[in-house]
Amino acid sequence: MREVYVVGTGITSFTRLEYPLSEIAAYPAMMALKDAGLSKVDHVYVANMGSARLNHQTGLASAVVDTLSLTPAGAEAIENGPASGASAIKQGFMAVASGLHDVVLVTSAERLREVNNLEDTDFVATLSHPLAEYVYGVTLPSQAAMFARLYMQKYGVTERHLAMVAVKNHDNALLNFFAHLHEKITLEGILDSPEAMTNNPYVSEPLRFYDCCPVSDGGACVILATAEVAKKLKKPMIRLAGVGQATDTHCLHERAEPTDLLAVRGAAAQAFKMAGITPADVDVAELHDAFTILEIVESEEVGFFKKGEGHLALERGETRIGGKIPINTSGGLKAKGHPTGATGVGQAHEIVLQLRGEAEKRQVKDAKIGFTCNFGGFGNNVVCLTFIRED
Amino acid sequence: MSTDVEKILRPIDNPIPPFPPKYMKLASGDEMVIRQVGREDIPDILRYVEPLIHVERDYYDIVAVRLYSELLAYYRYRVQDEYVLVAQIDGELAAVVNGRLLSKEVGMSYHTVALRRGLRVGAHAFAAKMEYHIDIIGQKEVLIVAESPIGFRRWMIEYGLEKRFHMAHELGGVPSWSLTKALFDQARDTLVVGRRPVPPPLLEKAKATILPPSDPPTPPTDLLAATRSLYDSTGTALMSQRWKQERKG
């Protein structure tokens, strides 16, 4: 296999975007092309989850490649639920690593806010099992709440720990121009004050409003290339060093131990092994915190902390910027936002900035190794990536 | 014989119990004061509401233009039994709510406009308005409509409002919904917050001056919003496109 490098990256704000989906994919791609100093690519992958259903648009990749005037490059869309972004990067990685292409553009777009929140919640719930879950009214917040309740009982995680994740990630998002929520929150305001229950009501107990990610539009892009191309472009050499993917049962209730996220564990292990590193080597990570409980659990499953001790590390401040392993410096899905199909590429964008030293006020000092975990379904299809700065 | 026409045109001066100011802590940790304002404060508020008339997003345009007219009518003595409450954070105008008394027992809710988005600012202000009608004035019900999906979600769904479709609401003559005292009692524990009395320094700061909002809603960056127009039954996006093209022409 050839080695694969990230030579360009771009992103839109994750917020409500009032322009067509193909442009949401095109703008970050234009930024990435400019960032890389390229005007042509061999192939385009477009990560997206809901264009046909939410935006009345199919054949998105064809629209995007033409919008970018990149024809006759090949183009296709990748849909793998909320893990579409990292899946598309994986496809791009394979295309370059295999020798099929030298330069691949992986862009992404989601426009969830074309419809209202109720329709979005229903749309995302369609990734659950249609007969065993969806028909009974299961939504992602309700699934995450049942998972959280079990986890809290078993490992002593409390609502305060969940709120601490939210406060940390909102703080980080304040440092990120592209984040959806530029909204300072405090433990007092969302947990301790007489008004806290109204400010931060239960969405699905024990998860409250500020434990859930916002519904975002957005797009992000990375350009992948061979070492030969990367060297010519004079950017810091960021190697996509490890790619891992694993699946788990479609239904949460069929798992032997529902509090174990085996797909996260498996995907992370593969991504570390391929890169030849261990979790202890990672300087900065973006984990898929669609719900605050997930940041804590994923931080354990990928190996940063022992099982059941993620919340203790959070208490010690180890996951803050300046801590032992800063997690979700971008604000995470929780506060940077979650444009489902674009989220995984957005995570990669943040890691690339961190490894280049371009993350401005949220920069992790001397970051050389970064990691992302993009979580599809309720942990039934997970893609993890490791990035290493080489120079 | 001389006639004072202005006296005839003006509404009857009915005494309405004042809204006792209250305050609450927001998710941000900021303290927000909600208080009643008089006519002397209206010119400042109008200045801050006017820019929202041009925000074609989340129905700010129609809500702001109607609120503007209601505030102006109140200022010029052309509405019967209207009141205005404001929410302020550090003196800044965060929300405006208003309404009037249709009768002794029935209230007519007019508008709720959040100039500071997020943090449930608008929801807290709306709850204070309902508290004014039901608890302070002692009315049996308040007639309500929503002009935006956000409003529909916040009022009709969150409070579980009852239909009063046989009664036309003063905002556009559309069918009314009703918040009864019983519904308000049900919502009291979860949706209605606030502490009294307001600490004097906090209240004095709010009363000293109504500062402009530092981060008010802004117009969308691109009115074309092409795909959105396909689903816009009001046709406003298409109208905007045309106007934009005409301006360019």
Side-chain angles (χ1 to χ4, degrees), chain A residues 12-13 15-24 27 51 54-57 60 63 67 109 111 113-121 163 166-167 170-171 173-174 180-203 208-211 214 217 335, chain B residues 22-32 34 55-58 89 116-121 123-128 148-154 157-158 187-196 214-215 217-232 236-237 240-241:
Chain A
T12 68
S13 287
T15 177
R16 177 167 56 175
L17 297 177
E18 292 164 314
Y19 46 92
L21 189 65
S22 54
E23 290 181 26
I24 294 174
Y27 290 156
S51 71
L54 304 177
N55 315 110
H56 202 62
Q57 180 163 14
L60 183 61
T67 301
R111 193 172 174 211
R113 298 184 70 130
E114 178 107 10
V115 300
N116 66 47
N117 284 7
L118 303 177
E119 289 176 63
D120 278 322
T121 301
V167 169
H170 275 246
D171 282 350
L174 284 168
H180 190 158
L181 301 177
H182 289 127
E183 193 173 279
K184 172 85 180 167
I185 58 171
T186 61
L187 284 177
E188 189 185 14
I190 66 171
L191 210 60
D192 298 335
S193 71
E195 294 84 11
M197 191 56 89
T198 299
N199 291 337
N200 190 20
Y202 286 113
V203 171
R208 296 174 183 237
F209 178 77
Y210 283 105
D211 290 316
D217 300 335
Chain B
K22 65 177 182 177
Y23 77 107
M24 60 206 61
K25 196 166 281 284
L26 302 175
S28 59
D30 292 318
E31 286 171 332
M32 182 167 82
I34 301 181
V55 177
E56 195 191 342
R57 162 182 285 170
D58 294 337
I89 304 168
R116 165 73 170 82
R117 301 204 65 170
L119 301 172
R120 286 189 73 87
V121 165
H124 286 320
F126 177 84
S148 70
I150 292 175
F152 187 82
R153 221 166 40 234
R154 280 269 188 257
I157 295 177
E158 283 194 15
R188 204 179 287 280
D189 289 344
T190 53
L191 300 175
V192 187
V193 296
R195 289 175 256 175
R196 296 187 172 96
S214 53
D215 186 21
T218 51
T221 48
D222 184 358
L223 282 175
L224 281 171
T227 54
R228 183 74 207 170
S229 66
L230 292 173
Y231 302 99
D232 183 358
T236 51
S240 297
Q241 288 177 47

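Chain naming here is simple, since letters A, B, ... match the order of the sequence lines and numbering starts at 1 in each.
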d(A/Leu21 CG, A/His56 NE2) to nearest 0.5 Å is 13.0 Å

If you measure from the Lys or Arg side-chain nitrogens to the Asp or Glu carboxylate oxygens, is any gap between B/Glu158 and B/Arg120 under 4.0 Å? yes

For the candidates A/Leu187, A/Thr198, A/Asn117, A/Ile190, which exhibits the highest count of non-hydrogen atom pairs separated by less than 4.5 Å from chain B? A/Thr198

Electrostatic pair B/Lys25:B/Asp30 at N-O distance under 4.0 angstrom: no

A/Phe209 versus chain B, the contacting section by heavy-atom distance below 4.5 Å: neither

Counting heavy-atom pairs closer than 4.5 Å to chain B, which one of A/Met197, A/Arg16, A/Lys184 comes out on top? A/Arg16

Chain A interface, residue from B/Gly118, B/Ala27, B/Ser28 that has the most non-hydrogen pairs under 4.5 Å: B/Ala27

Donor-acceptor pair, distance only, cut-off 3.5 Å: does the side chain of A/Asp217 make one with the backbone of A/Arg113? yes

How far does CG of A/Leu17 sit from CD1 of A/Ile24, to the nearest 0.5 angstrom? 4.5 Å

Identify which part of B/Ile150 has an atom lying under 4.5 Å from any heavy atom of chain A, answering side chain, backbone, both or neither. neither

